[in-house]
There are 2 protein chains.
Amino acid sequence: MSDSITAVEHEVLAAVLQVRTHVLQVLLWQRARKPDAGRWSLPGGRLGPDEDVEHSIRRQLAEKVDVRQLSHVEQLSVFSAPDRRPDTRMVATAFLGLVPSHVDPAVPEDTSWHPVDRLPETAFDHRAIVERARGRLRAKLSYTNIGFAIAPPEFTISELRTHYSAALGYTVSATNLQRVLARRGVLEPTGETAPPGRAGGRPAALFRFAAGGLEVTDQFAVLRPPAGPYAHSSVR
Amino acid sequence: MSDSITAVEHEVLAAVLQVRTHVLQVLLWQRARKPDAGRWSLPGGRLGPDEDVEHSIRRQLAEKVDVRQLSHVEQLSVFSAPDRRPDTRMVATAFLGLVPSHVDPAVPEDTSWHPVDRLPETAFDHRAIVERARGRLRAKLSYTNIGFAIAPPEFTISELRTHYSAALGYTVSATNLQRVLARRGVLEPTGETAPPGRAGGRPAALFRFAAGGLEVTDQFAVLRPPAGPYAHSSVR
DNA sequence: CCAAAAGTGTTGCCTATACACCCATGT
DNA sequence: ACATGGGTGTATAGGCAACACTTTTGG
């Protein structure tokens, strides 16, 4: 049995996603040093001795790229292939982070946003992590209220539609988006309206998300218990 | 910045679940040594230097508890609270493992199966891991074909019903279970029938699962792309 | 012929998408 | 008045749970 005293180095990495200019983008920094110098890398760093992985990724995002206004952070998966980095053996815990579209965090020189659909050359296995993050976001848009984490505090339905379309990668109808979210009780009207654009048109009503935290709004489709309302259960 | 040379020890743990005597059970071993001596613990061990976490957990289950016939293994989450163990700082990657009900793996002396609903005193945070595993299994029973991993190779609908009921924790109707799985194409008849019990009755048809691997069978309910059949997409 | 177990038909409810139509504003 | 964008009504389709009913066996 090989239970030697091998302690493995552990890093935390986050794919921080935001809808910018109607496109889903991810925050990357360009590596200066080898290995993989010049390639683009996810923010993160080594796990500290007195923190759990979620504290760690939040700390590192705050310190290194000054992203403090994360609306949602969620663990994705462990990436642990022995050769995932050529230099060291390093296990990574990957996260999905979301930033609402109305904030524009100040990021360092070597850091910038990149459309998720057109990633540059990424370091190590970071491309796979970004794709995992996008997949998770897309899935949760369908059955949770996670829209609150990508949208600004108040919005019109068309604005919300552009956010959902950007994140999902295909056009969604404002009509049906409104209905689905309304029926589930995810949206609530603020009572205010937004002024029309230069071309006129009916002023749009403003909405906000009713809840501030993640909730499962669509109980899984089938095999639910006989009667009882299992709706809005906790997130797995 | 605290990027010291701290390497964190890393273990892999699995909640191995099986339906036994119509109850969902988990495999635990009783700790002999401190800390938490006498308490029940999940199988697993330290991550080796040349393996990824999934290889590691499969190796450890094979070595330590002789469980080789896993029908499904899936990563759950990282447990990394600094004080999750009183002795060492140790990060754990937790897995869900499934064993089909017709196999009875030989397990060591200090190891035994326990109903998930009535766990004994567990070591460290292992109770939380078991609950996470159960939650994941329950969710996936609803929207994937994961039943293949808990059921024997061939079965009647009533047998399948008892498996689903045990795993879900509530009674499901054989009628509707059959219909749901049939419509989705996850079940296929073998053509054979099982002999009736002592009380008589119509002989039950035998079925098997059509696919051997995990598939998402129920595309998420809403916000799907305009038309195209996105069914049976890959698992996130 | 009766009891028991398996499987099917039918109904009612709910949710979703698509599309036509009405509403409110600027020019 | 008309163009423009916002919002609602309605039709259609489909999935699911509940339950009555039919089928097939043993006694």
Side-chain angles (χ1 to χ4, degrees), chain A residues 141-143 154-162 164-165 168 170-207 216-232, chain B residues 141-143 154-162 164-165 168 170-207 216-232:
Chain A
L141 281 172
S142 277
Y143 67 92
E154 299 192 353
F155 45 82
T156 67
I157 297 297
S158 349
E159 286 163 3
L160 189 64
R161 184 180 78 94
T162 65
Y164 271 73
S165 298
L168 290 170
Y170 52 81
T171 304
V172 302
S173 127
T175 298
N176 295 325
L177 180 65
Q178 148 109 313
R179 257 205 261 280
V180 167
L181 297 181
R183 178 167 6 133
R184 294 175 174 178
V186 175
L187 292 187
E188 63 186 24
T190 68
E192 312 281 305
T193 56
R198 44 205 152 291
R202 176 172 169 177
L206 287 172
F207 293 83
V216 173
T217 55
D218 187 43
Q219 69 280 34
F220 293 116
V222 290
L223 306 179
R224 33 175 179 272
Y230 254 62
H232 291 257
Chain B
L141 280 172
S142 277
Y143 68 92
E154 299 191 353
F155 45 83
T156 67
I157 297 295
S158 346
E159 286 164 4
L160 190 63
R161 185 181 78 93
T162 66
Y164 271 73
S165 298
L168 290 170
Y170 53 81
T171 305
V172 302
S173 129
T175 298
N176 294 325
L177 179 65
Q178 158 149 32
R179 252 202 268 277
V180 167
L181 297 182
R183 176 163 5 113
R184 294 175 174 179
V186 289
L187 290 187
E188 64 186 24
T190 68
E192 310 282 303
T193 58
R198 47 206 151 291
R202 175 172 171 177
L206 287 173
F207 293 83
V216 172
T217 55
D218 187 42
Q219 69 279 36
F220 293 118
V222 292
L223 305 179
R224 34 175 178 274
Y230 254 62
H232 291 257

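Order of the sequence lines sets the chain letters (A, B, ...), proteins ahead of strands, with each chain counted from 1.
If you measure from atom CG of A:Leu177 to atom P of D:dT8, you get 13 Å, rounded to the nearest angstrom. Atom pair A:Phe207:CZ and D:dG7:C1' shows a separation of 9 Å (rounding to whole Å applied). Computed from coordinates, the A:Ile157 CD1 to D:dG5 C1' distance equals 14 Å when rounded to whole Å. What separates CD of B:Glu159 from P of C:dA5 is a distance of 14 Å, to the nearest Å. If you measure from atom CG of A:Leu181 to atom P of C:dT17, you get 11 Å, rounded to the nearest angstrom. Between B:Leu187 atom CG and C:dG7 atom P the separation is 11 Å, expressed in whole Å. Distance CG (A:Leu206) to C1' (D:dG6): 12 Å, rounded to an integer number of Å. To the nearest angstrom, P of D:dG5 lies 19 Å from CG of A:Leu160.
A 4.5 Å side-chain heavy-atom check between B:Leu206 and B:Thr156 finds at least one atom pair inside the cut-off. Counting heavy atoms from C-beta outward, A:Arg161 and A:Thr171 have side chains that approach closer than 4.5 Å. Put simply, the side chain of A:Phe155 reaches to within 4.5 Å of the side chain of A:Leu187, judged on heavy atoms.
The phosphate of C:dA6 has neither OP1 nor OP2 within less than 4.0 Å of any side-chain N or O from B:Thr156. Taking side-chain N and O atoms only, B:Arg161 has no distance below 4.0 Å to OP1 or OP2 of C:dA5.
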Practice task
Spell out protein contact along nucleotides 19-27 of chain C as letters: B when the base is contacted, S when just the sugar-phosphate is, - when no protein heavy atom is under 4.0 Å; keep the 5' to 3' order.
Solution key: B---BBBSS
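Shown here for B:Ala194 and B:Pro203, the closest heavy-atom pair between the two residues is O-CB, 3.3 Å. The two residues B:Leu181 and B:Tyr164 have their closest heavy-atom pair at CD1-OH, 3.9 Å. Considering every non-hydrogen atom in both B:Phe207 and B:Gln178, the closest pair reads CZ-NE2, 3.7 Å. The minimum heavy-atom distance linking B:Glu154 with B:Glu159 is given by the pair O-OE1, 4.3 Å.
With C:dG7, C:dT15, C:dA6 as the candidates, the nucleotide lying closest to the side chain of B:Gln178 is C:dG7.
Comparing the end axes of the helix from C:dC1-D:dG27 to C:dT27-D:dA1, each fitted to five base pairs by superposing C1' atoms of four pairs onto the next four, gives an inter-axis angle of 20° (nearest 10 degrees).
Atoms CG and CG, from B:Leu141 and B:Leu168 in turn, are 5.0 Å apart once rounded to the nearest 0.5 Å.
Using a 4.0 Å heavy-atom distance criterion, B:Ala205 is classed as a sugar-phosphate-only contact.
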